[in-house]
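One structure is given below, encoded as structure tokens.
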2 protein chains.
Amino acid sequence: MNSKHPKQQVDAEQLDLATRAAWLSFIGGYTQGEVAKRLAVSPVKAHRLIQLAQQQGMVKIFIEGEPARCVALEEQLAKKFSLRSCLIAPSDHINADDNEANFNEVGAGAARFFYNILNQLPQSSCVGIGKGRSLSALAEKLPKINRADLTFASVSGSFTRKFSANRLDVVQQFVERTGGEGYFMPVPYLARDDEEHEMLMAQASVQFSLNLARNANLYAVGIGGLKTNHYLHSVGLVTDNDLEELRSAGAVCDLIGSFYDIMGKLVDHPLNGHGLGINAAEMAGKRVVAVAGGLGKELALLGALRSGLVTDLVMGEVTAEKLVSLMEFK
Amino acid sequence: MNSKHPKQQVDAEQLDLATRAAWLSFIGGYTQGEVAKRLAVSPVKAHRLIQLAQQQGMVKIFIEGEPARCVALEEQLAKKFSLRSCLIAPSDHINADDNEANFNEVGAGAARFFYNILNQLPQSSCVGIGKGRSLSALAEKLPKINRADLTFASVSGSFTRKFSANRLDVVQQFVERTGGEGYFMPVPYLARDDEEHEMLMAQASVQFSLNLARNANLYAVGIGGLKTNHYLHSVGLVTDNDLEELRSAGAVCDLIGSFYDIMGKLVDHPLNGHGLGINAAEMAGKRVVAVAGGLGKELALLGALRSGLVTDLVMGEVTAEKLVSLMEFK
DNA sequence: TTTAGCCTAGAGCTTATGCTCAAGCCGTTT
DNA sequence: AAACGGCTTGAGCATAAGCTCTAGGCTAAA
């Protein structure tokens with residue numbers, strides 16, 4: 001055995017075998033036991049090879065068609081909010097109050113949705129990436145693709161007030177899934193005051209990321225709620241006090257550091273000038289994919305959608321139904 | 001329950017549920033038991049729904065990437081025979097002599113391949129369809145698609161010598177999978193003599209199908225061998241005597257009723273004028289996808305490929321390896 | 001009553017995973 | 001320098017979990 005590059009060679013061989021195992025299993029329709037015989041390995045190994053192939057994202061599964069109810073909701077929402085496209089992930093009404101399950105389903109649906117968009121993206125595109133559990137769920141379920149040409153730039157500050165790095169910036173997850181490059185902004189989400197805002201925004205490292213984010217032609221963002229159990233607060237990006245002030249100023253949602261009221265207007269409050277990152281309005285005219293996982297955020301969604309900045313929307317069926325019933329709410 | 005259209009309505013509801021089940025199972029990653037709970041049905045029913053979704057072809061699975069060996073073979077074959085594209089389905093060398101398994105794997109791979117081609121086909125295209133077990137396997141594994149605009153026309157006679165309809169003309173299978181229209185030729189595969197040939201070809205019904213087939217812009221054909229265990233003979237489309245004569249005239253393969261020698265030249269024998277259907281040469285310049293399932297047909301393949309009529313090729317790895325080693329054979 | 005369809009239960013097979021063991025690779029010990 | 005022992009890695013065994021199919025009983029419509 002010539003093994004100049006022992007580790008790499010083994011890996012390549014393993015992947016090759018994994019590919020064969022996946023073909024036999026998924027396309028040929030053989031059981032793992034049969035695959036094992038055909039590849040002359042133990043059944044356990046066959047199973048692990050197939051598992052490996054899946055982890056590597058070699059296996060892509062698509063479901064064609066959606067439940068009629070979802071299609072109807074999509075059409076209503078797309079029309080009402082002038083969306084370019086809309087995906088409603090089917091979810092059951094039995095466990096309609098399971099927040100985690102909702103993130104799981106919406107994330108999985110959004111991953112499929114975003115996967116298609118990424119595939120159509122021209123070479124060397126830059127994608128602006130927001131924050132939140134929804135996007136994190138998306139990235140986690142995104143099939144691995146080979147797009148080292150892509151650049152992912154965070155559209156907002158990534159640190160908490162204490163300047164500690166956020167455990168898992170979503171940008172990192174996208175980089176890991178695609179092999180592309182990632183940039184984040186080494187500043188908090190919100191500045192303490194105008195002075196700090198000006199100072200931090202002037203930093204060269206921030207300006208660099210900011211320019212990338214501004215020139216992106218596609219954005220993936222979450223829609224943040226303003227309750228203490230919502231992402232923004234739960235990871236310490238904003239304080240109790242901030243939230244309190246924003247809410248009393250009429251804000252219902254957070255779109256990458258800009259705060260909108262139920263009618264989709266920016267609320268008149270100093271904090272709206274403290275967001276570190278691109279201005280939400282700077283996304284206008286670009287493709288903005290919003291992923292709305294999590295329950296109980298209908299009013300936040302209403303505000304965000306009415307801002308007119310979102311062009312593509314992914315959410316769960318239960319949320320979509322509530323949203324439709326609230327469409328005229330003010 | 002208002003059930004004006006009991007059967008259809010139940011089916012639609014079932015399908016809707018099946019779609020939900022498939023989403024939860026394949027995209028959400030839940031176990032069948034969990035799917036059952038979420039849809040409020042019994043686990044068995046959940047299982048059946050998921051199964052139904054698969055049978056309906058809602059679930060599309062793709063494997064990205066092929067074993068290095070297959071890629072290498074594809075490149076060699078594509079270059080040698082000037083193919084537009086080539087797919088080598090991975091198969092193992094352990095069960096390299098399992099004929100049925102080979103049809104299964106090649107058919108499944110070919111189905112994926114053809115599915116992509118069909119998706120790119122313009123509206124209202126006509127597809128010429130050949131015969132054989134390989135194509136039958138392809139059609140069987142083809143995901144269901146909704147293309148009522150397509151027309152499938154048999155490129156050759158479909159009856160055996162006794163004028164009995166062939167149990168399952170492949171055209172029928174394609175029609176069933178796509179919802180398109182199908183036309184076959186109500187005549188045998190080969191005429192008895194020149195006179196019969198002329199008479200049958202002159203029939204209006206034959207002319208009608210023939211014109212459709214001639215105007216197709218895509219063909220899917222098998223490559224037939226000339227042994228008694230091969231399709232042509234096994235279903236009674238040709239007699240022992242025919243085969244004997246063809247072989248002694250140097251023929252090694254059958255391409256929709258035309259017989260070629262190992263160098264890819266039409267053999268000089270009266271039977272070459274007796275084929276009922278379009279002339280193989282009439283496909284020249286069109287896209288011709290050949291599916292070569294089954295083992296021990298390397299020489300037949302060599303003849304068929306050398307004819308220059310085939311533009312796209314699907315075969316199994318074992319066959320491809322043998323073929324490569326015989327590429328210069330004469 | 002009969003028939004068809006659906007559900008329940010349970011057996012048998014397939015798939016997933018924790019645990020164990022063996023082999024190779026250091027860094028340390030004699 | 002040779003030997004020892006922990007550490008990592010990969011493989012298989014055993015078992016748990018999950019999936020699929022069959023038979024039998026129940027309900028509802030003919």
Side-chain angles (χ1 to χ4, degrees), chain A residues 1-61 63 92 94-95 101 104-105 108 140-141, chain B residues 1-59 61 63 92 94-95 101 104-105 108 141:
Chain A
M1 291 270 166
N2 59 341
S3 37
K4 292 280 180 72
H5 312 290
K7 261 204 170 173
Q8 285 201 7
Q9 204 189 41
V10 168
D11 276 3
E13 261 174 43
Q14 284 279 101
L15 281 181
D16 216 79
L17 253 187
T19 314
R20 285 175 184 279
W23 268 78
L24 289 168
S25 171
F26 289 100
I27 300 196
Y30 297 103
T31 69
Q32 296 189 358
E34 285 171 313
V35 172
K37 267 185 228 149
R38 288 175 170 271
L39 295 180
V41 297
S42 77
V44 177
K45 174 126 191 176
H47 170 239
R48 293 200 170 128
L49 285 170
I50 292 167
Q51 206 171 241
L52 174 64
Q54 285 175 294
Q55 282 167 1
Q56 296 290 4
M58 283 181 200
V59 184
K60 310 269 158 83
I61 303 183
I63 307 281
D92 49 279
I94 307 279
N95 293 30
N104 185 27
E105 288 154 24
E140 196 183 312
K141 300 253 177 178
Chain B
M1 290 273 166
N2 58 343
S3 38
K4 293 279 180 69
H5 311 290
K7 262 205 169 170
Q8 284 202 8
Q9 205 191 36
V10 168
D11 277 2
E13 261 174 43
Q14 285 279 99
L15 280 181
D16 215 82
L17 254 186
T19 314
R20 285 173 185 279
W23 268 78
L24 289 168
S25 172
F26 289 101
I27 300 197
Y30 297 103
T31 71
Q32 295 191 357
E34 285 172 314
V35 172
K37 266 185 228 148
R38 288 175 170 272
L39 295 179
V41 297
S42 75
V44 175
K45 176 127 193 176
H47 169 235
R48 298 223 165 105
L49 285 169
I50 293 167
Q51 206 170 243
L52 174 63
Q54 285 176 294
Q55 282 167 1
Q56 296 288 37
M58 283 181 201
V59 183
I61 303 183
I63 308 280
D92 51 279
I94 307 279
N95 293 31
N104 184 29
E105 288 154 23
K141 301 253 178 180

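All values reported here derive from a predicted model rather than from experimental measurement. Here is how names work: the chains are called A, B, and so on, in the same order as the sequence lines, proteins then strands, and each is numbered from 1.
Tested against B:Q32 for a side chain to side chain contact (heavy atoms under 4.5 Å, CB included), the candidates B:R48, B:K45, B:H47 yield a single pass: B:H47.
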Go through A:F26 and A:K60 one step at a time and tell me if the side chain to side chain contact (heavy atoms under 4.5 Å, CB included) criterion holds. CA-CA 10 Å; A:F26 289 100; A:K60 310 269 158 83; over 6 Å; no

Pair B:L39, B:L24 - check side chain to side chain contact (heavy atoms under 4.5 Å, CB included), show working. CA-CA 9 Å; B:L39 295 179; B:L24 289 168; 4.0 Å; yes

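At least one donor-acceptor pair under 3.5 Å links the side chain of A:T19 to the backbone N or O of A:L15. Under a 3.5 Å cut-off, the side chain of A:E34 and the backbone N or O of A:T31 do form a donor-acceptor pair.
The two residues B:V41 and B:A46 come nearest to each other via the heavy atoms CG2-N, 3.9 Å.
Listed by residue number, the members of residues 30-57 of chain A with any heavy atom below 4.0 angstrom from DNA chain D are A:S42, A:V44, A:K45, A:R48.
Helix bend of the helix from C:dT1-D:dA30 to C:dT30-D:dA1: the angle between its two end axes, each built from five pairs, comes to 10° after rounding to 10°.
Classification of B:E105 and A:R38 as a salt-bridged pair holds, one side-chain N sitting under 4.0 Å from a carboxylate O.
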